[in-house]
Visitor: 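Before we start, here is the structure in question, set down as structure tokens.
The analysis underlying the following values was restricted to heavy atoms, covering all of them including side chains, and did not include hydrogens, waters or symmetry mates.
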Amino acid sequence: MKTVEVLAPAGGWDALEAGVRSGADAVYLGGPAFGARASAKNFTREELEKAAAFCHARGVRLHVTVNTLLKDRELPQAVEFVRFLCSLPVDAVLVQDLGLFTALRRLAPELPLHCSTQMSLHTPAGVRLLWELGASRVVLAREMSLREIREARNSCPVELEAFVHGALCMSVSGQCYLSAMLGGRSGNRGMCAQPCRLPFAAPGGTGHDLSLKDLSLLERAQDLTEAGVCSLKIEGRMKRPEYVAAAVSACRLAAGGEAVPQELSQDLEAVFSRSGFTQGYLTGALGRGMFGTRRKEDVTAATEQVFSKLRGLYRRELPRVPVDLTLEEQGGEGVLTASDREGRQARAAAPLGDPGLLPLPRERCRQQLEKMGGTPFYPGEIALPEEGLRLGVGALNSLRRQVLEDLLEQRSRRQAIPMEGELPPPRPRKRPAWDRLPARACFRKVSQVPEQAKACRELCLPLGTNLDALDRLREQGFPPVLLELPRAMFGGEEQVRARMREAMDRGYQDFTCGNLGALALCRELGARAHGTFSLNAANSWALDALEDLGLVTAECSFELTGRELHGLSGSLPRGGMVYGRQALMLVRNCPLANGAQGCRHCKEPGALTDRKGKKFPVLCERLPGWSKDVPQGGAEVFNSVPLWLGDREEQLGNLDFGVFRFTVENSVESAAVLEAYFRQEALGFDYTRGLFSRGVE
């Protein structure tokens with residue numbers, strides 16, 4: 001793009017008009033299904049058609065979100081919905097699901113596909129992989145610093161979109177399962193209930209230690225564009241049109257290098273904020289200063305006086321489309337031609353007055369033609385007869401109205417984007433044959449590994465594990481080891497790449513990948529890649545796509561029920577979680593850092609306590625060779641009790657292996673779990689069935 005784009009949210013028609021009339025270059029909105037804000041008003045198919053015409057007539061791009069994880073029964077419906085969007089057409093479709101992305105790239109190669117922030121893209125290799133696969137734009141993770149954005153920009157020429165204002169989730173987008181696990185409402189499917197805003201207390205914290213302030217990078221808009229961001233995105237499809245207008249107006253000024261007036265800044269904060277705003281991720285100022293809640297004063301600041309003032313920002317059409325006009329005499333008629341800069345023309349004619357009528361002076365003609373108020377047009381070049389024209393003022397005004405209405409209607413029409421062919425069926429599935437579901441046992445450190453792990457098919461340990469210790473496990477007869485690549489690699493891709501090469505030189509060729517950036521590194525280095533749950537493989541087409549990208553095995557999303565797991569097709573060997581505390585959040589700003597002393601540099605797991613007294617472990621995920629000069633990977637928040645499906649083996653018959661994930665357990669506790677599984681005994685402590693039976697919305 002030649003200039004930076006201001007991208008506005010639209011949760012309904014009023015917000016759409018507010019965004020366009022206050023100066024947005026593009027808007028994004030959702031249809032009746034498959035959007036990541038299912039609770040927004042959203043748009044019917046008829047309203048989408050109207051919205052496309054409205055935006056295109058005014059030179060505004062329209063992006064539609066189809067950015068939820070899809071189940072097998074839904075993906076064909078999503079493809080058909082995008083076929084409808086291509087007929088309008090829209091300017092881009094925003095996607096999260098890799099199965100849908102791959103299908104659309106084949107069926108509609110000319111359709112611009114934008115990769116949602118739900119794809120958790122935060123490394124140069126991950127961004128580059130999606131560009132190679134055909135993405136025209138990547139929406140970067142909110143947690144990236146300015147340096148990390150530049151690194152992504154330098155990796156490939158894909159367009160980069162970044163959030164500059166709005167709500168800030170605690171978790172990396174696409175990596176939050178808190179709402180799904182606690183309430184059955186999946187954030188990955190657009191149904192987040194925001195349980196993170198409830199009390200979760202860290203030692204010495206505020207008691208709301210999963211709640212961040214809202215984001216505002218308006219002051220850094222120029223820095224973002226210089227770093228390579230082409231689209232400045234405003235969050236807020238659940239917010240009022242007054243908020244949209246205020247945010248767009250402020251962002252428009254900031255993008256142009258102008259200062260945002262103090263009054264507008266105050267009004268924007270008044271209509272919505274949580275204890276003010278933060279720039280923490282962009283600047284690297286993590287810690288307590290980023291946390292905040294919705295206070296009473298935040299609510300009461302949004303007065304009717306503020307709302308009324310902000311409505312003035314979008315009460316009228318914004319003149320944004322230049323129109324050239326030519327007025328001339330042809331065959332006894334006055335003919336007015338209007339032309340836009342894309343080559344469209346509209347023409348209208350009216351009979352000239354009697355020969356004895358004095359011509360309307362040239363300057364008066366100009367004055368009347370320049371009156372384009374109430375339309376999205378403004379006058380460009382105006383060509384007029386030297387002697388004026390024998391037309392009355394009323395007739396000339398009528399000609400002006402006719403050509404502008406005609407031109408607006410022409411601009412609302414676009415040629416459909418071709419989408420040919422049908423969604424191919426997923427690859428067939430050959431059911432695995434086993435007497436006992438093979439186990440993949442994952443540990444946080446070597447000291448957790450018990451003798452009983454020798455009966456597993458394979459082990460998994462972090463990439464940073466001492467290689468000599470891994471060699472000793474091999475010498476002692478333990479099964480092959482897969483090395484787990486960090487789920488969060490903010491600013492640490494080079495570290496991870498170097499450590500992978502070191503491990504591969506020692507004979508360790510298998511790595512688990514929890515994000516697309518990790519998979520890209522495996523492809524680059526020729527390593528064997530195994531997908532984990534956080535790749536969010538939720539349908540058969542996603543499994544096929546991951547196999548095409550080089551995965552050797554994949555762990556399915558734990559948001560699927562047993563029945564949905566059983567119904568998956570595809571030839572890629574797959575597993576599912578059988579035991580372990582399920583990860584609820586992947587965070588960059590650790591909630592334990594909300595204490596008065598900041599980061600605790602924990603060597604052992606900490607915990608959050610909810611309002612019912614339940615403990616949720618928090619584990620720091622350091623990058624290999626971490627030092628204070630290098631950003632940390634992140635932290636993970638885990639469920640208060642472990643999942644246990646070891647006695648549901650008859651319902652796991654479509655899996656090739658079961659995953660046992662040990663986090664806070666010591667070696668004795670790990671041994672007890674494995675023994676219970678291999679001996680088909682009951683666990684001796686509390687557990688959950690997770691989403692295996694109840695599923696998610």
Side-chain angles (χ1 to χ4, degrees), residues 4-30 37 39-43 47 51 54-55 58-63 163-168 213-221 231-279 292 294-320 373-376 378:
V4 66
E5 172 186 270
V6 174
L7 178 58
W13 189 265
D14 289 345
L16 174 67
E17 284 193 337
V20 171
R21 290 183 173 182
S22 53
D25 302 295
V27 294
Y28 67 101
L29 49 82
R37 290 292 183 270
S39 298
K41 186 176 180 182
N42 292 318
F43 290 72
E47 289 170 335
F54 178 81
C55 289
R58 290 154 179 80
V60 175
R61 292 177 287 277
L62 179 64
H63 307 165
F163 283 90
V164 294
H165 196 88
L168 194 57
K213 295 177 180 178
D214 280 7
L215 174 73
S216 183
L217 301 178
L218 297 179
E219 296 176 0
R220 309 302 296 268
S231 179
L232 304 176
K233 186 171 192 174
I234 299 164
E235 184 276 336
R237 282 197 289 138
M238 301 288 291
K239 294 190 174 73
R240 300 174 57 130
E242 294 91 344
Y243 166 87
V244 174
V248 169
S249 298
C251 192
R252 179 79 277 157
L253 292 169
E258 299 180 50
V260 179
Q262 184 177 4
E263 183 180 7
L264 178 58
S265 296
Q266 291 171 344
D267 289 344
L268 178 56
E269 183 171 354
V271 289
F272 201 94
S273 75
R274 288 183 177 88
S275 307
F277 301 108
T278 180
Q279 301 180 1
R294 186 90 163 128
R295 306 164 304 181
K296 179 180 179 180
E297 52 265 43
D298 295 325
V299 177
T300 57
T303 64
E304 178 55 33
Q305 182 180 6
V306 171
F307 286 131
S308 178
K309 188 193 316 180
L310 294 178
R311 289 184 201 114
L313 296 173
Y314 61 95
R315 188 166 288 121
R316 299 178 181 84
E317 284 274 13
L318 176 69
R320 58 191 308 152
T375 77
Y378 65 88

Visitor: Determine the minimum heavy-atom distance between Leu253 and Pro261, stating which atoms define it.
Guide: CD1-CD, 3.5 Å

Visitor: Working to the nearest 0.5 Å, report the span between OG of Ser249 and CZ of Arg252.
Guide: 10.0 Å

Visitor: Side-chain contact, heavy-atom cut-off 4.5 Å: Leu16 with Cys55?
Guide: yes

Visitor: List the atom of Glu235, the atom of Tyr28, and the distance in Å for their closest heavy-atom pair.
Guide: CA-OH, 3.4 Å

Visitor: Enter the distance from Leu29:CG to Arg237:CZ here, rounded to the nearest 0.5 Å.
Guide: 7.5 Å

Visitor: Would you indicate whether the side-chain heavy atoms of Tyr243 and Leu268 approach each other to under 4.5 Å?
Guide: yes

Visitor: Enter the distance from Ser273:OG to Arg294:CZ here, rounded to the nearest 0.5 Å.
Guide: 6.5 Å

Visitor: Looking at Arg58 and Val20, what are the two nearest heavy atoms and their distance?
Guide: CD-CG1, 3.9 Å

Visitor: Supply the atom-to-atom distance Ser22 OG to Glu17 CD, rounded to the nearest 0.5 angstrom.
Guide: 11.0 Å

Visitor: Is Asp267 reaching over with its side chain to a backbone N or O of Leu264, donor-acceptor style, under 3.5 angstrom?
Guide: no

Visitor: Sequence neighbours left out, what passes side-chain hydrogen bond (donor to acceptor under 3.5 Å, both in side chains) with Gln266? Give chain and number order.
Guide: none

Visitor: Would you please name every residue forming a side-chain hydrogen bond (donor to acceptor under 3.5 Å, both in side chains) with Asp14, sequence neighbours left out?
Guide: none

Visitor: Between the side chain of Asp298 and the main-chain N/O of Arg274, is any donor-acceptor distance below 3.5 Å?
Guide: no

Visitor: Hey, are the side chains of Leu215 and Val164 touching, using non-hydrogen atoms and a 4.5 Å cut-off?
Guide: no

Visitor: About how many Å separate OG of Ser265 and CD of Gln262, when rounded to the nearest 0.5 Å?
Guide: 7.5 Å

Visitor: With ring pair (Phe, Tyr, Trp, His ring centres under 6.0 Å) as the rule and sequence neighbours excluded, what pairs involving residues 252-279 come up?
Guide: His165-Phe277

Visitor: Kindly compute the distance separating OG1 (Thr278) from CG (Asp214), expressed to the nearest 0.5 Å.
Guide: 10.0 Å

